[in-house]
Amino acid sequence: MPKKETIGTVISNRMNKTITVAVNTKIAHKKYNKIIAKTNKYYAHDENNECNIGDVVKIEETRPISKNKHWKFIKKII
C-alpha cells in the first residue's frame, strides 16, 4: 500500500523537531455542490529543524512517532 503524501504550508515551528502543517483542500458539498475550502492541520517530524513559518512543504504519512505525530517532512517546495 503506497504512503499518502500531501503538500501544505508550515504554520508553526516552535516545537523541537516538529512542525505544524496546514493542508488546504477544496471539496464539493454533497447536497448543494458548492465548493468548500477545508483545512486540516498535521504535526510532522522535522529531524533537522530546517523549516520556517510560511514554507510550502511535502509531507508523508508514517508510523506513529508520538501521540499526535504521524507524518514526516520530506522536502521544501518553495
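Judged purely by distance below 3.5 Å, without hydrogens or angles, the side chains of Asn13 and Asn49 never pair a donor atom with an acceptor atom.
Annotation: the span from Ile35 atom CD1 to His29 atom NE2 amounts to 11.5 Å, rounded to 0.5 Å. Here the CD1 atom belonging to Ile74 is positioned 11.5 Å from the OG1 atom belonging to Thr6, to the nearest 0.5 angstrom. The CG atom of Asn68 sits 10.0 Å away from the OG1 atom of Thr18 when rounded to the nearest 0.5 Å. Within the model, atoms NZ of Lys4 and OG1 of Thr62 stand 13.0 Å from one another, a figure rounded to the nearest 0.5 Å.
In this structure, Glu50 and Phe73 have side chains that are in contact, with non-hydrogen atoms separated by less than 4.5 Å. Residues Lys38 and Lys26 are not in side-chain contact: their nearest non-hydrogen atoms beyond the backbone lie 4.5 Å or more apart. Side-chain atoms of Ile7 and Val56, non-hydrogen and from C-beta on, do get closer than 4.5 Å to each other.
For residues 39-72, the set of pairs meeting the ring pair (Phe, Tyr, Trp, His ring centres under 6.0 Å) definition, not counting sequence neighbours, comprises Tyr42-Trp71. Residue pairs meeting the salt bridge (Lys or Arg N to Asp or Glu O under 4.0 Å) criterion with at least one partner in residues 59-69, sequence neighbours excluded, are Glu60-Lys72.
Applying side-chain contact (heavy atoms from CB on, under 4.5 Å) to Val10 and the options Asn52, Ile59, Ile19, Asp46 leaves one that passes, Ile19.
Across Ala44 and Val21, no two heavy atoms sit closer than the pair CB-CG2, 4.4 Å. A pairwise comparison of heavy atoms in Val57 and Cys51 identifies CG1-SG, 3.9 Å as the closest pair. Nearest heavy-atom pair across Ala22 and Ile11 is CB-CG2, 3.9 Å.
Checked against side-chain hydrogen bond (donor to acceptor under 3.5 Å, both in side chains), Asp55 has the following partners two or more places apart in sequence or in another chain: Lys76.
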